[in-house]
Amino acid sequence: MHNERLIHDGIYWIGGNDRRLSLFEGVYPSQRGVSYNSYLVMDEKTVLLDTVDKAVSAVFFENLDFLLRDAGGKRRKLDYVVVNHMEPDHAAALGELILRYPEAKIVANEKTFAMIKQFFSFDVDSRAYCVKEGDTLCTGKRTFAFVMAPMVHWPEVMVTYEVSLKILFSADAFGTFGAINGNLFADEVNFDRDWLDDSRRYYTNIVGKYGDQVQSLLTKAAGLEIDLLCPLHGPIWRKNIGYFIEKYQRWATYTPEDNTVMVAYASVYGNTENAVNILTSALAEAGVRNMVVYDVSVTDASIIVSEAFRCSHLVFAATTYNAGIFIRMEEALLDIRHHNLQNRTVAFIENGSWAPNAGHLMREICESMTGWNILDNPVTLLSSVKQEQAEGIKALAAKIVDTMPKNVIAPHDPKVLNPVSFFKMSYGLFLLTARDGDKDNGCIINSAVLLTDTPKRINVAVIKANYTNDLILKTGVFNVSVLTTDTPLKVFQHFGFQSGRNVDKFAGCTNRQRSENGLVYAPRYSNAFYSCKVISSSDWGTHTLYTADVTEAALLSNTPSVTYQYYSDNIKPKPPLAMAKKKGYICKVCGYFHEGEELPDDFICPLCNHGVDSFEKVGF
């Protein structure tokens, strides 16, 4: 029975899930299975984006056949099939697809067509619609642009961007292990708890070697406005897309997610494990948090590779075995090297009842890795830990701690108001709207609080230079919409980075929602709104402080309210991590980066118009 899902206007998910798959690609454990995503676009022309693995081809073809038939059973033509990635878990059904829909044109690049001929024997050339970087295909209301993404993670890979709906069909990029359990979108699941580890393990083991190529794709993606991110494995992203892209930036630049320690060990009779336990206890007592420890004999290498990407510091502890490294430890180290992990601090513990040699050999493997800081004086055990070795283990812990970043806070000067301290206050983010005649306007504010419960009365503070402030001073009424965590950056840019004096911020908005006072409120991306009538105002230099009675209040959703901290961590654009090596100043409001040693006192951010107080140093 067909089981397709509508994901946007005329765009369907028609993939399937394999929960019986125990080893993805015959290598990587997949206890939660895997999804194979395929997408169908119903336009004046019909477009299929990738097929699926043979394991789920039956339901895939049922989905496709159902959508291409009208209520009377008449079948529409399949006009195009886009092959973003030729790997068989996404293209195995291509041969049968052509048998069923021989009229379909195959949209792919030159490298892909060569691979199709390697896998299949049907006539490819007569169906070929060859595209290159920047080419477009119009199918009616929809226009598809093609972006090459070689070695992410095969040489022929490309991604497809639908221009009108701002959808990126991203091939294997942004995919993850795990079958989809009904919740098709990332915002419908607890992604950090249930999916992030598998996402990291998928990236690091499948794509991790090709960091430079992924960075190239991310640079291209940064020039696109993406409202929907559709990978070939795992959930679809429609909210907080920047959060996941930032993870990819870290992984692709080999930047640790966490300043912590991963310990991987091999212990035949428990003595090396004892040394590891002494080490981690010493690290914990020194303040290191969130450490992880893995026995390589019972932990799949894909997990160790993934955790090595996550953690800033690595410790490898192994027995000497046949005059070499214990087998599973050697495999884990070579696997990490094969995946090109860079820029880690590493230490070793070796053990051997005679001629211990594992430490030297582990070091040799790690010395070939780019940017690795190898700590000197590894700990050597002769069969078991004695007091002398215990002291050496504690000294090693101290060395590791010395190389970890410190959260240094400058000494307090009672004569100086530290501007950073004010960012520790909790702020919400709100859309403040007002109206004068036929002119609606709105701006983003971060200061709105309930002043009294009876009567319902609130305070809001507005920058005096804002056009919205002028309207409130004139009319004495305003609305406050409480923005939510799914508010995209474009909303903050639209209402916060430009002035209503210069643009009509509501131009093109044909479905404006108004409260009883006639003012606009935000029905989308807000969980509540309040209509307010000013009872007093006061001038506080840069801001006007209004006290107002609430005349109408409505609950719109249960989505959590966005705080300034959440905006800063998850919504505000971040500069490429490579930029961290440059000296300059970054705007804490919008993420604009000003390169240089000095920031003029009168500097104004060209994106959001905030002054120097909103900038912080980076790279110094």
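What you are looking at is a predicted structure, and each value in this text was computed from that prediction instead of being measured. Both backbone and side-chain heavy atoms feed into the values below; hydrogens, waters and symmetry mates do not.
Between Val81 and Lys105, the closest side-chain pair of non-hydrogen atoms is not below 4.5 Å. Within the 4.5 Å cutoff, the side chain of Val401 has heavy atoms near those of the Leu283 side chain. With a 4.5 Å cut-off on side-chain heavy atoms, Val27 and Leu23 do not count as touching. Using a 4.5 Å cut-off on side-chain heavy atoms (C-beta onward), Cys366 and Leu333 make contact.
With sequence neighbours left out, the ring pair (Phe, Tyr, Trp, His ring centres under 6.0 Å) criterion links Trp154 to His85. Taking the ring pair (Phe, Tyr, Trp, His ring centres under 6.0 Å) definition, one finds that Tyr36 meets it with His233, sequence neighbours left out. Looking at residues two or more places apart in sequence or on another chain, you find no ring pair (Phe, Tyr, Trp, His ring centres under 6.0 Å) involving Tyr265. Phe177 pairs by the ring pair (Phe, Tyr, Trp, His ring centres under 6.0 Å) definition with Phe24, Tyr202, not counting sequence neighbours.
Scanning all heavy atoms of the two residues, the minimum distance from Ser568 to Lys572 falls at OG-NZ, 3.8 Å. For Ser38 against Asp50, the heavy-atom pair with the smallest separation is OG-O, 2.5 Å. Between Ile106 and Phe113, the shortest heavy-atom contact is O-CZ, 3.2 Å. Residues Ala252 and Leu218 come closest through the heavy atom pair CB-CD1, 4.3 Å. Ile571 approaches Pro488 most closely through the heavy-atom pair CG2-C, 4.3 Å. The shortest heavy-atom contact between Ala301 and Asp335 is CB-OD2, 3.4 Å.
The side-chain hydrogen bond (donor to acceptor under 3.5 Å, both in side chains) contacts involving residues 220-231 comprise Glu133-Lys220, Asp227-Lys490, where partners must be two or more places apart or lie in separate chains. For the salt bridge (charged side-chain N to carboxylate O under 4.0 Å, His left out) condition, the pairs that include at least one residue of residues 258-276, sequence neighbours left out, are Asp258-Arg310.
Ion pairing between Asp402 and Lys399 fails under the 4.0 Å rule for side-chain N and carboxylate O. A salt bridge links Glu257 with Lys247: at least one charged nitrogen is closer than 4.0 Å to a carboxylate oxygen. Ion pairing between a basic and an acidic side chain is recognised when a charged N comes within 4.0 Å of a carboxylate O; Arg238 and Glu188 show such pairing. Ion pairing between a basic and an acidic side chain is recognised when a charged N comes within 4.0 Å of a carboxylate O; Lys166 and Glu162 show no such pairing.
To the nearest 0.5 angstrom, Ile226 atom CD1 is 8.5 Å from Ser170 atom OG.
A perpendicular orientation is assigned to the rings of Tyr80 and Tyr129, their planes being inclined by more than 60° (bins at 30° and 60°).
The only member of Phe169, Tyr248, Phe244, Trp195 that meets ring pair (Phe, Tyr, Trp, His ring centres under 6.0 Å) when paired with Trp237 is Phe244.
Taking a 6.0 Å sphere around CZ of Arg344, one finds it holds more than 12 heavy atoms contributed by other residues, nucleotides or ligands.
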Practice task
I would like to know whether His313 and Thr403 meet side chain to side chain donor-acceptor pair (under 3.5 Å); could you show each step before the answer?
Solution key: CA-CA 9 Å; His313 288 63; Thr403 64; 2.8 Å; yes

